[in-house]
Amino acid sequence: MQREIQSTHAEACRNAATLIAESARESIAQRGEFSIALAGGSTPKNVYALLADKTIFPDIDWPKWRVFFTDERCVPSDDVESNYRMVSEMLLSKVGICPNCVHRMEVELTSVPAADMYAQAMHNHFGADGRFDFILLGMGGDGHTASLFPSTEALDENDAWCFGNEVPQLDTERVTLTFPAINAARRVMFLVTGASKADTLARVFNDERNVSELPAQGVCPTDGELIWVLDEAVAAGIG
Ligand code: 6PG
């Protein structure tokens with residue numbers, strides 16, 4: 001497991017964007033495309049803005065990108081809470097990715113059918129034994145990642161790549177990639193910043209494995225790389 005600690009959130013985002021751009025170049029050179037699942041929330045917004053900035057990353061081969069999402073809130077795609085809306089505004093609307101290369105979770109359905117459809121869409125793309133080139137994850141203050149929340153059913157899904165379930169602590173439904181999908185990836189990157197998550201990150205790194213309580217501990221790629229991109233504030237407790 002690789003740790004990269006930058007002094008500020010901005011520098012951590014710049015490092016994350018650079019690592020993603022480098023991974024894309026490698027994947028496209030080796031396999032002709034770059035399949036990535038993007039996180040929602042607020043932390044990665046700067047990463048998406050940097051990637052979309054042609055003065056910083058002029059050579060990204062966008063038409064070879066295949067974009068998926070790590071999770072989605074069950075809201076309309078134009079809702080301010082929608083991860084799809086955030087990624088579209090910050091990135092997809094600014095770069096030349098063909099629309100049918102962007103795979104949105106169709107959460108207008110209820111979460112279970114939406115998850116089944118998304119699992120099928122991934123299967124159609126990757127086939128029986130394919131895998132993501134890259135998965136970008138965040139981490140919440142409760143140790144959740146994607147929409148794998150403490151004590152939810154999705155944590156126990158050992159086969160399907162996508163799961164829809166109630167998240168009682170948020171009184172809502174969520175659709176999320178599962179550990180089988182995440183841990184099959186070639187490269188998984190957590191981008192976590194801010195002092196408010198320092199205690200949780202220390203628990204994820206130092207406490208005995210308890211995925212039900214700290215779902216981020218369930219991310220351990222089977223045959224892939226795990227990279228933590230952090231800022232000093234969040235890394236204060238991991239030594
Ligand atoms: C989401 C994300 C989620 C996010 C964490 C951290 O839908 O919210 O995919 O897993 O990464 O909640 O969110 P922040 O980056 O906003 O702290």
Side-chain angles (χ1 to χ4, degrees), residues 6 8-10 12-13 15-17 20 36-51 67-92 103-107 111 114-115 118 132 134-152 154-155 157 161-179 181-183 185 188-201 203-204 211 213-219 226-231 233-235:
Q6 264 70 41
T8 65
H9 166 80
C13 290
N15 186 29
I20 291 169
I36 183 169
L38 297 176
S42 55
T43 304
K45 284 183 179 175
N46 288 358
V47 178
Y48 303 146
L50 289 167
L51 287 169
V67 173
F68 294 78
F69 293 81
T70 60
D71 64 313
E72 189 56 278
R73 296 87 182 272
C74 289
V75 295
S77 57
D78 59 358
D79 188 294
V80 68
E81 282 297 307
S82 162
N83 288 335
Y84 173 79
R85 171 176 158 173
M86 181 274 286
V87 175
S88 298
E89 285 175 350
M90 302 305 291
L91 178 64
L92 303 179
H103 303 271
R104 181 179 70 86
M105 291 180 168
E106 296 180 47
V107 287
S111 66
Y118 209 67
F132 277 101
F134 201 103
I135 294 185
L136 176 61
L137 294 172
M139 188 191 78
D142 60 354
H144 84 262
T145 189
S147 281
L148 295 162
F149 283 85
S151 310
T152 55
L155 301 179
E157 177 54 48
W161 273 28
C162 195
F163 199 88
N165 65 189
E166 187 67 34
V167 179
Q169 47 272 58
L170 298 179
D171 190 23
T172 186
E173 286 191 45
R174 287 285 187 100
V175 178
T176 185
L177 293 192
T178 58
F179 288 125
I182 293 169
N183 289 329
V188 181
M189 178 201 288
F190 274 102
L191 172 63
V192 187
T193 62
S196 66
K197 298 177 182 178
D199 290 347
T200 304
L201 189 75
R203 290 183 57 212
V204 168
V211 174
E213 233 177 78
L214 293 168
Q217 289 183 327
V219 175
L226 176 58
I227 307 168
W228 287 84
V229 177
L230 309 167
D231 69 359
V234 78

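Note that ligands are numbered from 1 as they come in the structure, with each ligand's atoms numbered from 1 the same way.
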Salt bridge (Lys or Arg N to Asp or Glu O under 4.0 Å) pairs touching residues 161-175, sequence neighbours excluded, are Asp71-Arg174
Sorted by chain and residue number, the ring-ring contact (aromatic ring centres under 6.0 Å, His included) partners of Tyr84 (sequence neighbours excluded) come out as Phe69
Salt bridge (Lys or Arg N to Asp or Glu O under 4.0 Å) filter on Arg85, not counting sequence neighbours, yields Glu89
Expected rows: ligand 1 N/O, protein N/O, dist below 3.5 Å:
{"residue": "ligand 1", "atom": "7 (O)", "partner": "Asp71", "partner atom": "OD2", "Å": "2.8"}
{"residue": "ligand 1", "atom": "7 (O)", "partner": "Arg73", "partner atom": "NE", "Å": "3.0"}
{"residue": "ligand 1", "atom": "7 (O)", "partner": "Arg73", "partner atom": "NH2", "Å": "3.4"}
{"residue": "ligand 1", "atom": "7 (O)", "partner": "Asn83", "partner atom": "ND2", "Å": "2.9"}
{"residue": "ligand 1", "atom": "8 (O)", "partner": "Arg73", "partner atom": "NH2", "Å": "2.7"}
{"residue": "ligand 1", "atom": "9 (O)", "partner": "Gly40", "partner atom": "N", "Å": "3.2"}
{"residue": "ligand 1", "atom": "9 (O)", "partner": "Asp71", "partner atom": "OD1", "Å": "2.6"}
{"residue": "ligand 1", "atom": "9 (O)", "partner": "Asp71", "partner atom": "OD2", "Å": "3.1"}
{"residue": "ligand 1", "atom": "10 (O)", "partner": "Ala146", "partner atom": "N", "Å": "3.2"}
{"residue": "ligand 1", "atom": "10 (O)", "partner": "Ala146", "partner atom": "O", "Å": "2.5"}
{"residue": "ligand 1", "atom": "12 (O)", "partner": "His144", "partner atom": "NE2", "Å": "2.7"}
{"residue": "ligand 1", "atom": "15 (O)", "partner": "Ser42", "partner atom": "N", "Å": "3.4"}
{"residue": "ligand 1", "atom": "15 (O)", "partner": "Thr43", "partner atom": "N", "Å": "2.9"}
{"residue": "ligand 1", "atom": "15 (O)", "partner": "Thr43", "partner atom": "OG1", "Å": "2.6"}
{"residue": "ligand 1", "atom": "16 (O)", "partner": "Ser42", "partner atom": "N", "Å": "2.7"}
{"residue": "ligand 1", "atom": "16 (O)", "partner": "Ser42", "partner atom": "OG", "Å": "2.7"}
{"residue": "ligand 1", "atom": "17 (O)", "partner": "Lys197", "partner atom": "NZ", "Å": "2.6"}

Output for pair (Asp231 CG, Thr43 OG1), nearest 0.5 Å, gives 9.0 Å
In Leu226, Leu191, Ile182, the residue satisfying side chain to side chain contact (heavy atoms under 4.5 Å, CB included) with Leu137 is Ile182
Between Phe134 and Leu136, the two heavy atoms sitting closest are CD2-N, 4.0 Å
